[in-house]
2 protein chains.
Amino acid sequence: MSTSIANAPYHHGDLRNALLESALIILEREGEAGLGLRDVARAVGVSAAAPYRHFDGRGALLEALAVTGYQRFTRLMETIATDDTLDHMSAMGRTYVKFALDNPNLFRLMFSPALRRDNRPGLRMAADAAYRTLRHVTGEDVDTDRVAALAAWARVHGLAVLLLDGQIAIQAGEDIEALVAEIIDKH
Amino acid sequence: MSTSIANAPYHHGDLRNALLESALIILEREGEAGLGLRDVARAVGVSAAAPYRHFDGRGALLEALAVTGYQRFTRLMETIATDDTLDHMSAMGRTYVKFALDNPNLFRLMFSPALRRDNRPGLRMAADAAYRTLRHVTGEDVDTDRVAALAAWARVHGLAVLLLDGQIAIQAGEDIEALVAEIIDKH
DNA sequence: CGATGGATGTTGACATTGTTCACTTTGCTC
DNA sequence: GAGCAAAGTGAACAATGTCAACATCCATCG
């Protein structure tokens, strides 16, 4: 509706969001390295220089993507926090891993060192908000024991990363979610 | 020694290794994205096309770097395996994390999804050898319990990645190695 | 020996990318 | 309606990965 290829008006109207949507699709299909600024512009049907009216270069586009990723992640964690029928600690871990597996390249981008290299305050803030929610979800019982909290976080994050990179051998027909739950609930 | 800048001979003599050494230095200083094939050639004092006589493009150079990384990693683990005075499980974890912190960008490259994307048998073999050694070091007691083994690996790997990305807040003057040991030895 | 061929480097070119600049088009405000 | 800022265009630039054609060297064989 917003983008009719034929008879495209000079002004797009909502280019910034259109760029982000296309960029997210390309990111998940091609990976960060395959996400070219010109590709995004081409996908939206706009000139190569147009994105610069909305983003301060390629890095800023990536940052915006990562920020939306953190926001979606945070929202997921919040829904867990408000559900009292759950074991928060376990549900958090399973959702954490599921988010990574459902959005592999977005997840990788969120933790991309290239983005952290140049100081991007927006990213830092979105990430901090996510971690705050994380700590809130896992509750005070863990918050008081820093070592235990870090151990739990490391286990969940490591599991997500290893699964994402295909490092953990999955046997044919194996239920990954069940395996994840088993690992997370160990002890 | 081999490369005297002035009076450089037409044939380098050991260009392949010289390229790898320079590439490793640049990698650790600039990150994978900042590692340009032309930069490496320039650093060695050779033309931009010369590396193609020794590597099948940029990806192959990166693969060779990652392979040497896995080899060094494997050698580290083997020295632990032959030392009977150690708690293998704990020492493995601490060494794992230390390797990541000592060679951050090399470690990241070893687990880079971009490299795994195109099937690189050499990389796969080097990685498999490393994991075999890992399983050997941690001993049969864990090998029999797949879930426990994966949980331990995930915790160690996650800890490495989170530290690498600066996600774990380190208080001023804190002893990181001690914190790592504490987290790894938890339970 | 001396020529000769394969390995190793060089030069120059090409397509592509991120980015900038000058310009044009559009919609909104007095 | 005049004019101005926002939003988009097109041409250009430097840099990159890569390749093809040419140059140089080293080792081997008559």
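Just so it is clear: chains get the letters A, B, ... in the order the sequence lines come, proteins before strands, and each one is counted from 1.
- Taking only distance into account, the side chain of B:Arg58 never meets the base of D:dG17 through a donor-acceptor pair shorter than 3.5 Å.
- One interatomic measurement links the two molecules: OH of B:Tyr52 to C1' of D:dT16, which rounds to 9 Å at whole-angstrom precision.
- For CG of A:Asp56, the number of neighbouring non-hydrogen atoms (other residues, nucleotides, ligands) closer than 6.0 Å is 12 at most.
- Going from atom CG of B:Leu61 over to atom C1' of D:dG17 covers 12 Å, rounded to whole Å.
- Residues A:Ile184 and A:Ile170 are members of one and the same hydrophobic cluster, defined by side-chain heavy-atom contacts under 4.5 angstrom among Ile, Leu, Val, Met, Phe, Trp and Tyr.
- Between A:Arg58 and A:Glu32 there is a salt bridge, since a side-chain N of the basic residue sits under 4.0 Å from a carboxylate O of the acidic one.
- Hydrophobic clustering keeps B:Met125 apart from B:Met77 (ILVMFWY residues linked when any side-chain heavy atoms are closer than 4.5 Å, directly or through intermediates).
- Between the CG atom of A:Leu35 and the C1' atom of C:dG18 there is a distance of 13 Å, given to the nearest Å.
- B:Asp39 comes within 4.0 angstrom of the backbone, heavy atoms only, and of no base.
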Could you list all N or O pairs between the protein and nucleotides 10-14 of chain D that sit under 3.5 Å apart?
none

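- Hydrophobic clustering (side-chain heavy atoms under 4.5 Å, transitive across Ile, Leu, Val, Met, Phe, Trp, Tyr) groups A:Trp153 together with B:Ile176.
- Counted within 6.0 Å of CD on B:Glu177, heavy atoms from surrounding residues, nucleotides or ligands total 12 or fewer; the atom is thus considered open.
- Side-chain proximity of B:Leu37 to the nucleotides C:dG18, D:dG17, C:dT10 is greatest for D:dG17.
- Distances shown here put every side-chain N or O of B:Arg42 at or beyond 4.0 Å from the OP1 or OP2 atom of D:dA15.
- Look at CG on B:Asp14: it is 11 Å from P on C:dT8, rounded to the nearest Å.
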Run A:Phe107 and A:Phe73 through ring-ring contact (aromatic ring centres under 6.0 Å, His included) and show every step you take. CA-CA 9 Å; A:Phe107 183 84; A:Phe73 180 84; 7.4 Å; no
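- When the P atom of D:dT18 is taken as reference, atom NE2 of B:His54 falls 16 Å away, rounded to whole Å.
- Rotation axes derived from the C1' atoms of the five outermost pairs at either end of the helix from C:dC1-D:dG30 to C:dC30-D:dG1 lie 10° apart, to the nearest 10°.
- Note on B:Leu20: it does not cluster hydrophobically with B:Val67, by side-chain heavy-atom contacts below 4.5 Å among ILVMFWY residues.
- A donor-acceptor contact closer than 3.5 angstrom is absent between the side chains of B:Asn105 and B:Arg29.
- Atom CG in B:Leu19 sits about 13 Å away from atom P in D:dG17, given to the nearest Å.
- Listed pair B:Arg53 / D:dT18 fails the phosphate criterion, with no side-chain N or O lying under 4.0 Å from OP1 or OP2.
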